[in-house]
Amino acid sequence: MARHLITSALPYINGIKHLGNMVGSMLPADVYARYLRQRGHDVLYICATDEHGTPAELAAKERGLPVDEFCAQAHDAQKAVYDGFELAFDYFGRSSSPQNREITQHFARRLNENGFIEERAIRQVYSPVDGRFLPDRYVEGTCPHCGYDKARGDQCENCTRVLDPTDLINPRSAISGSTELEVRETKHLFLLQSKLQHEVEEWVARHEEEWPQLASSIARKWLNEGLHDRAITRDLDWGVPVPADTWPELAAEGKVFYVWFDAPIEYIGATKEWSDQDPENRDWKSWWYESDQGENPVRYTEFMAKDNVPFHTVMFPATELGIREPWKKVDYVKAFNWLTYYGGKFSTSQKRGVFTDHALEILPADYWRYFLIANAPESDDSSFTWEHFTATVNKDLADTLGNFVNRVLSFSKKRFGEEVPAGAEAGEPETKLGEEIAALLSEYETQMEALQFRKAAAALRALWSAGNSYLEEKAPWLEIKTNPDGAALTLRVAMNLIHLYSVISEPFIPASSKAMRSAFALQNDTATWATEAEAKSLTFLPAGTPFTVPPVLFAKITDEDLETYKERFGGAPE
């Protein structure tokens, strides 16, 4: 049994996330984690809210709350949405935790001892109106690379280029909006990434052939441009404080670590949070400290959108390498392009697109889970439109899967009662169906193992379609007139398909899978997956197994619904 550590990019604390954020990190990670668990692997899926940095302070200021109180409330609000989407984290932590503070400070001390941190005097933007130095995200302006006029001082949201506040054209304070800014001297800690360039290059070279092209190309681009020493401290009231035992002057000035220094460390911190809840049975270091993994090493997979790739493939590995301790580094980076909304970007800051809490208000989670994974932006950007969403839900979920389940169970109940009928022995059509199901299941497994989610969704859809084709071919509603035993056989096989679907569809649509499975009162139903032989024979359910007809799994989205959604959320741009 393999051990799999899975993390998804930490969602920022400043507001509920949109569908693009969901499909670019947490949802595919959940689908993969669920699949691996069903296949018998030891899985630890870790995530957390990213609570430090200027987004937290600005959002708290806007709400009129102390930042710690705001973060606590926002964490609970985000967690409630993720529960609604049935994201099965093993632990969902907080980057403001004592565990993350402890480990972040340890990392900084070790980097300093090894000569990879340097204290430097720099010239930084100061706002007389605000009476403070402005950290990077407190400065907004026009990107010098693409001309985007709402770029932040750390990164342009439009072109994803990493920036310094002094790079911006026409800069302004994000606090007061003042353009009366000065540049003054202050001291900060710098991570000497330039000294780690070759080590990072060698590490990336050992992994990039396995990574998706999107992840490897972004990492290689950064390395080809050369790694630069970067400031890892900021002038903020909220964050992991610089330890006074190592940098007393900076600690006295209230410096905290840059959010992009401590946020990736929170993957480890959250694992320690998880472990500290049950220390007798959970060992966080066995997941993160390679020397503690023995003969069963951990495979570590990260999920993120493309704007997070540089930090996870270059900056955080540089940090881990510089510590000179055997911390686990990522094996596979699953990177995603953008999910657009009618061709425009989903944007938390601009409130554009469908946000996850609103999505759950109008339709169950499984509708969204299936659509998003089936259209995941893997090889290129993909577009969300209400028309596409409606067509997918109605065709794949309501017609192909939901209608199959309802037709089979309702017809069998009407003609044979509330137990799985016995009927005749399986014949050539059933043998042919079993071969097809086994082949499609193998394809589904192959694509899931390869983390090719759109292809996996296509294979799952083909499995559902195979059941419909079998039902149309056998036509039990006609067969029963001349061959009741043959019709009973057809329905028994179809019910076994429903049970199979309930098991293998669970990573994509967990609530609907549970409803399908609970329709059968099967004793000792402990199946977590199906073997090739089981897929071929389709004999999960013995004759006589009681069943009930569940409520409609998927209601079709009507034209009236479609117009209502477009009016609420906006349709195609003019």
Side-chain angles (χ1 to χ4, degrees), residues 16-32 34-35 80-88 336 339-342 346 353-377 382-406 453-454 456-465 467-468 498 501-519 550-571:
I16 300 299
K17 304 301 129 184
H18 52 68
L19 295 183
N21 184 283
M22 176 66 71
V23 73
S25 56
M26 291 174 283
L27 180 55
D30 176 71
V31 170
Y32 186 55
R34 285 175 176 274
Y35 170 76
V81 173
Y82 304 145
D83 288 345
F85 269 85
E86 298 206 34
L87 301 183
F336 291 87
L339 176 71
T340 67
Y341 185 78
Y342 285 95
F346 281 82
V354 184
F355 287 73
T356 49
D357 56 343
H358 297 151
L360 294 177
E361 287 175 9
I362 60 175
L363 289 168
D366 281 358
Y367 291 59
W368 302 104
R369 288 179 62 103
Y370 177 76
F371 173 83
L372 291 172
I373 294 297
N375 296 278
S382 61
S383 178
F384 177 92
T385 71
W386 284 107
E387 292 81 2
H388 187 201
F389 175 72
T390 298
T392 300
V393 167
N394 288 351
K395 180 181 178 182
D396 293 358
L397 295 180
D399 287 344
T400 303
L401 178 59
N403 190 44
F404 176 79
V405 173
N406 185 263
F453 293 103
R454 294 180 74 152
L460 182 59
R461 187 187 310 120
L463 279 157
W464 298 341
S465 295
N468 283 277
I498 293 172
Y501 296 160
S502 75
V503 175
I504 65 173
S505 303
E506 192 264 349
F508 280 69
I509 47 173
S512 305
S513 294
K514 182 178 180 180
M516 285 189 282
R517 192 160 184 167
S518 62
V552 173
L553 290 179
F554 303 99
K556 281 194 171 185
I557 299 173
T558 65
D559 291 342
E560 183 179 354
D561 293 331
L562 174 60
E563 292 307 314
T564 299
Y565 301 152
K566 289 171 66 176
E567 182 178 353
R568 175 177 175 180
F569 297 99

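Owing to the predicted nature of the structure, the values given are computational and were not obtained by experimental measurement.
- Side-chain contact between V23 and F336 is absent, with no heavy-atom pair separated by less than 4.5 Å.
- Smallest separation of non-hydrogen atoms from A515 and P550: O-CB, 4.2 Å.
- Going from atom CG of D30 over to atom CZ of F85 covers 11.0 Å, rounded to the nearest 0.5 Å.
- With sequence neighbours excluded, the residues satisfying side chain to side chain contact (heavy atoms under 4.5 Å, CB included) with S382 are L339, P377, R454.
- Results of the ring pair (Phe, Tyr, Trp, His ring centres under 6.0 Å) test with F569 over Y341, Y342, W386 single out W386 as the only residue that passes.
- Using modelled atom types, no side-chain atom of R369 and backbone atom of L27 make a donor-acceptor pair closer than 3.5 Å.
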Would you be so kind as to tabulate the donor-acceptor pairs closer than 3.5 Å made by side chains of residues 355-362, with sequence neighbours excluded?
unit_1, atom_1, unit_2, atom_2, d
T356, OG1, K17, O, 2.8
E361, OE1, R568, NH2, 2.8

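- Using a 4.5 Å heavy-atom cutoff, the side chains of T392 and H388 are in contact.
- Here the CD1 atom belonging to I504 is positioned 5.5 Å from the CG atom belonging to L460, to the nearest 0.5 angstrom.
- Annotation: the span from E506 atom CD to E86 atom CD amounts to 8.5 Å, rounded to 0.5 Å.
- The side chain to side chain contact (heavy atoms under 4.5 Å, CB included) check on K556 picks up N394, A398, D399, with sequence neighbours excluded.
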Item checked: Full working for side chain to side chain donor-acceptor pair (under 3.5 Å) between D561 and T558 -> CA-CA 5 Å; D561 293 331; T558 65; 3.0 Å; yes

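- In this structure, Y501 and V405 have side chains that are not in contact, with every pair of non-hydrogen atoms separated by 4.5 Å or more.
- Listed for the N375 side chain is a donor-acceptor partner under 3.5 Å among the backbone atoms of F371.
- Under the 30°/60° scheme for interplanar angles, the aromatic rings of Y370 and F508 are found to be tilted.
- Two residues are said to be in side-chain contact when any heavy atoms from C-beta on lie closer than 4.5 Å; D366 and L397 fail this criterion.
- M22 contributes atom CE, which lies 10.0 Å from atom CD1 of I373 (distance to the nearest 0.5 angstrom).
- Scanning all heavy atoms of the two residues, the minimum distance from G84 to A365 falls at O-CB, 3.2 Å.
- Looking at S502, its side chain never comes within 3.5 Å of a backbone N or O of M516 through a donor-acceptor pair.
- Rounded to the nearest 0.5 angstrom, L401 CG and S465 OG are separated by 10.0 Å.
- The closest donor-acceptor contact from the side chain of Y367 to the backbone of A555 lies under 3.5 Å.
- A parallel orientation is assigned to the rings of W368 and F389, their planes being inclined by less than 30° (bins at 30° and 60°).
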